[in-house]
Amino acid sequence: MRRSSSFLILPVVIYLTAMTIFPMVYLVYLSLLDWNLLGGGSQFVGLQNFIDVLSPNSPDSPAFYNSLWITLAFGGSVTLIELVLGLAIALLLARENLIAKLAQGMLVVPLVITPVLLDMIWKYLYSPLLGPITYLLSLFGIIGMDYLSTIPNVYFSLAIVDLWQWTPLVILILLGGLLSLPRQQFEAAELDGATRSQILRYLTIPTIFPFIIIALIFRLVDALKVFNKIYILTAGGPGDATDTLSYRIFHHSLGFTQEVGYGATLSLLFFLMVVVISTVLVLSFSRIILGGKEKT
Amino acid sequence: MKKDSEGNRRLKKIESNEEVSSPSKKVSRRQAITSMTKVGIGAGIAVIAAGGAAAYFASRPPEVVSTTSTLTSTLMSTLTTSEKDYYYDPSLSGTTITRLAANVPETPFAQALAPLFTQETGIEVKFIVEPEDTVVAKAGVAFAAQSSDYDMIDGPGFGGVAFPWFVSGYLEPLTPYIQKTPSAWKYDDIIAVVPQLQSYMGNVFAFPSLGGIVNYPYFYRKDLIPQPAKTISDMISYASNNNKPPSIYGWTSGGTPDIYSFFTFDMFLWAEGLDYFDANFHPQLNTSGALDALKNLIEVSKYAPAFTTTTADDAANNFTQGRTAQMTDFWTWYKLVEGKGSAVTGKVGYAPHPGVVSQPHMMASETFSINKFSKKKDAAWSFLSFLLSPRVGQIVFGQGYGSTMRKSVLNNPVNKEQHPDDIEVMNWLLDAKPAGSGAPVVAGSILPHIPKGFDFIDMVVTAISGSLAGKSSPQDALNAAQDKATALMKEVGLYKP
Amino acid sequence: MKVTIRQVAINIALILVLLWIIYPLFWAFVSSLKDDVEIFHYPPAILFSPGLAAFRAVLSGDWLNYFRNSIVVSVGGVILPLIIGVPGAYALARYDLPRKNFTMLSILSIRMMPGIVMLIPFFLMFLFLHLLDSYLALILVYTTFNLPYVVWIMKGFIEQIPRAMEEAAELDGANLARIFRDIVIPLSGAGLVITGFLCFAQAWNDFAFAFILTNLDRTVPVGLSSLIGSRQVFWNQIFAVGVINMIPAMIFAYLSRRYWARGFTLGIVKG
């Protein structure tokens, strides 16, 4: 075992450390300031920002908790739906059928389209004055519906966009697992007289469980970070119904009120939340993710 | 290894006979590499084809000529060699200045005029055009870093943003520059209230972006509504009568939870004889008048398509496409709603906003200022004063900009004859005085000149959008906003007990 | 009979899935062929006289710059991570490095990190270094977010290369560089293709960072978004840009579809 080339890991480590540690330190510094870019200079306020954001008594915190709730609820729901839907469609697609093969090929398409472009396509589709969806629904007698301007429509509309874009990812991950299942076990089970749903429940799902976990982790973490959609489709509205944490950070630090200290505080809290959630998930299932590699 | 334009390595086939025997059911390495090469080549061909198509189209003469270039050629034909009526310094020739501009109707005019300016002075102007809030964001960070990247910076809301910037020392005071500009520039020709509203402690800090000011009046379809609405309740009933979605809606206006809904709501407040705060800077949000205003807004927005995601420009487009019967929007859309591509040419009526008959009149515009950290302030002022000069003021007015801050343009009989609606609207402002001066006609600045003005706006628009979405009752929303706004006014020291 | 009905039902479901994928794309393509007046017509027409006016309007000087910028930045965002990351993946695959799991997990956590968090610090950093509006700034940022992909995916692929091959080459007197050139890289080719594509896509499609770090030298996504902020939203032009944007990626993705299932397992399952 040649030792001398283990140094090859160094460039990666150095680069990533430099590009992440310095910004994080700066972010911590910013979160201790009350700095409004529109004027007024910056003042050191210590942990006051954190207290303002987290304490239930302060006037700012309801907005934060609302944001937190929406981020978690929306992210969690779409992930769950995508997992279930993805599994169902993956099962459908895991066959030698011609149409299935065609669909498999098309699956990658939603993933390679520029997300910003996709959001714009949906913005057009949802447009009450111009959109094809408006026209379609009007043929069924549903008139005058606002997809992005009323609660709860906005949640469904956003969820549909997210589903369209990311279910294919779940499907692809699960397909990878489904297509590598050993056939013998299934044939044996069928010969033993197991029903389709029994096979599904006791054989298929446990075997592709690692893939489900990977899909879960990828999707959940990404869904919590959702920004582009909100920026292009709803701008946090109506009211603060879609004011996710990412959007709130952007809106308040670089958008409207330019409170950079507040934005940095939120960024740190958001970062903490995502790290905690992803670490918990990854560690719980690390045996499955990392352990697989040791099986040589 | 070669890379095609997608940066994927094109692999060469392995010639060696080291075939790998692997226990799994993968295809052999050689086959895998062969197919990947094909894939790479296929993608490369696709990219080249797309690029070739792009080049082909780019080289064909465009059928659609952009508005800016038409405007430039028209404006270039007005070039005269008369005495310069703006600040001009021959030694500045060869400089390049950068303007961070907002994506508002004034900007294409300025861009079209820039070649004219360059020809006359030798100064090049680079435009960075962004949506308004991006301009504010980028400017804010540039100021914080004391960067000299931008020489001139736009700001929305008639100085409402430039004001806190100036107070923080980010903008160059312009009064000394005015004083060294040739008298042909005619400072006294400017409507008095304009520099008054954009000065602080004796120094002018901003000017309207193209020397024009607009207000937020009422547009309606003459073929659907015989007489313009005079009161808000008229407007609401016209909206309801003409609301037949999805082919046509009753009303439209800017309603996004930022400055647009703030502007729109202001019109409803003014119809109640109120404003956001009174002369003692006491917020008026929990008054019964404010409650009525909000209820009216909620009522009429039912007849507006996707109100909370409509910006002022979206609203104008809705109206131009003939999809709404009424509109509340900026005066700069005068005649543009009947212009190229419009579905309502000849069918548009213009009137003061219902409920707001003579006073106060809203003054809004993009303003521009000079960056305190710029290294080319004189050249920037040269361009600024050029855009604001009497000659250019008349040119752009004639070219359809429809607004001006110059009395000479307003009193020009040719303009009165050719643009009667414009002149009438502008005349409302001729005698205007700043709010609080007790004058009969009051010009209300669209964004209050208060420190932390955007925090104030944020509080108000949160209340509006919350009650529009049904998340809280109007009364509760307004009360909450009132508490926060009062605290803010006290915090910035403006609240007079 | 039961089997046949089930087959039919499955086929119907599959067709629905196909339609579901195609619907928005269909509208994007169709709309890109409309002209500036037709696009505002309601109900939106499927039958109309198609034209390329939108494409012509969009392929003006500015947009060619945006495409060029996007390409440069995306290619850079592939090359740099590969140069830094593949050796790193090799080290992780072959050696029992101290705190290996910790390193892997912290590299993964960068992929998990919300980009928004880095927006302000990166912006101020590059502002002070006068690197705004530069290719370097964006390439550096994209490399940061792409390195985790490279390390994770390539590690899985490199692990599948039998050590015996390298040891044999070593005995033949090959140094590290030759081993890389002749063995590691050719044999992990599929991984390189997938990783390269993922990195490219990540850089090509990025919006938030390009938005905040560029002024004049924009990339395509930023250009797209500025089309919406403008006076009149010409959807046909937006979609024309989108179509141009989409086609190479779609063709590539379709041709390489067989490799996707492998890639997404991150090398967990062999084969």
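In the text below, chain A, chain B and the rest are named by the order of the sequence lines, each starting its count at 1.
For the residue pair C:Tyr90/C:Glu166, the side-chain donor-acceptor check at 3.5 Å is satisfied.
The aromatic rings of C:Trp204 and C:Phe200 lie parallel to each other, with less than 30° between the two planes, well short of the 60° mark.
Between chain C and the residues A:Leu10, A:Leu129, A:Leu93, the largest count of heavy-atom pairs under 4.5 Å involves A:Leu129. Contact tally against chain A (heavy-atom pairs below 4.5 Å) for C:Asn245, C:Ile120, C:Leu140: the top residue is C:Leu140. Chosen from A:Tyr29, A:Phe270, A:Tyr247, A:Phe22, the residue pairing most often with chain C at heavy-atom distances under 4.5 Å is A:Phe270. Each of A:Val274, A:Val116, A:Leu130, A:Val221 has some count of heavy-atom pairs under 4.5 Å with chain C, and the biggest count is that of A:Leu130. Heavy-atom pairs under 4.5 Å with chain C peak, among A:Leu224, A:Val25, A:Ile113, A:Ile232, at A:Ile113. Ranked by non-hydrogen atom pairs under 4.5 Å with chain A, the options C:Thr144, C:Leu25, C:Val17, C:Ile15 are led by C:Thr144. Of the residues considered (C:Ala93, C:Pro24, C:Ala13), C:Pro24 shows the highest number of contacts with chain A, using heavy-atom pairs under 4.5 Å. Considering only heavy-atom pairs separated by less than 4.5 Å from chain A, the leading option among C:Val141, C:Thr143, C:Ile107 is C:Thr143. Of all the listed residues (A:Leu107, A:Thr114, A:Ile14), the one sharing the greatest number of non-hydrogen pairs under 4.5 Å with chain C is A:Thr114. No other option in A:Pro132, A:Ala264, A:Ser267 has as many heavy-atom pairs under 4.5 Å with chain C as A:Pro132.
Interface residue C:Val151: only side-chain heavy atoms are found under 4.5 Å from chain A. Looking at A:Ser278, the atoms closer than 4.5 Å to chain C (heavy atoms on both sides) all sit in the side chain, from C-beta outward. Both the backbone and the side chain of C:Ile21 come within contact range of chain A, each with at least one heavy atom under 4.5 Å from a heavy atom of that chain. A:Leu125 touches chain C through its side chain: at least one heavy atom from C-beta onward sits under 4.5 Å away, while N, CA, C and O do not. Looking at C:Phe26, neither its backbone nor its side chain comes within 4.5 Å of chain A, counting heavy atoms on both sides. Using a 4.5 Å cut-off between heavy atoms, A:Leu220 makes no contact with chain C at all. Contact of A:Tyr124 with chain C is made through backbone and side chain together, with heavy-atom distances under 4.5 Å. For C:Phe40, the parts lying near chain A are the backbone and the side chain together; criterion is any non-hydrogen pair under 4.5 Å. If you measure heavy-atom distances from C:Ile84 to chain A, the contacts under 4.5 Å come from both the backbone and the side chain. With a threshold of 4.5 angstrom between heavy atoms, A:Asp119 does not approach chain C through any atom at all. In this structure, chain A has a heavy atom under 4.5 Å from the side chain of C:Tyr23, while its backbone stays farther away. Contact of C:Ile238 with chain A is made through backbone and side chain together, with heavy-atom distances under 4.5 Å. Residue contact with chain C, scored on non-hydrogen atoms closer than 4.5 Å, involves the side chain of A:Ile89 exclusively. For A:Thr279, no part lies under 4.5 angstrom from a heavy atom of chain C. The contact between A:Pro110 and chain C is made entirely by side chain atoms (from C-beta outward), counting heavy-atom distances below 4.5 Å. Of the two parts of C:Met246, only the side chain, counted from C-beta on, holds a non-hydrogen atom closer than 4.5 Å to a non-hydrogen atom of chain A.
In this structure, CZ in A:Phe211 is found 9.0 Å from CG in A:Leu174, a value given to the nearest 0.5 Å.
Checking side-chain atoms of A:Ser246 against main-chain N and O of C:Ile116 turns up no donor-acceptor pair under 3.5 Å. The backbone N or O of A:Leu245 sits less than 3.5 Å from a side-chain atom of A:Thr71, completing a donor-acceptor pair. A donor-acceptor pair under 3.5 Å is absent between the side-chain atoms of C:Trp235 and the main chain of A:Met120, judged by distance alone. A donor-acceptor pair under 3.5 Å links the side-chain atoms of C:Asn205 to the main chain of C:Ala201, judged by distance alone. Put simply, the side chain of A:Tyr135 never gets that close to the backbone of C:Pro44: no donor and acceptor are under 3.5 Å apart. Looking at A:Thr167, its side chain never comes within 3.5 Å of a backbone N or O of A:Trp164 through a donor-acceptor pair. A distance-only check finds a donor-acceptor pair linking the side chain of C:Ser32 to the backbone of C:Phe29 [under 3.5 Å]. With hydrogens and angles disregarded, no donor-acceptor distance shorter than 3.5 Å links the side chain of C:Asn146 to the backbone of C:Val150.
Closest approach of A:Thr20 and C:Met118 over heavy atoms only: CA-CE, 3.8 Å.
In this structure, the ring of A:Tyr231 has its center less than 6.0 angstrom from the ring center of A:Phe227. Ring-centre distance between C:Phe145 and C:Phe209: below the 6.0 Å cut-off.
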Residues C:Met125, A:Tyr26; criterion side chain to side chain contact (heavy atoms under 4.5 Å, CB included); working and verdict: CA-CA 9 Å; C:Met125 228 164 79; A:Tyr26 189 55; over 6 Å; no

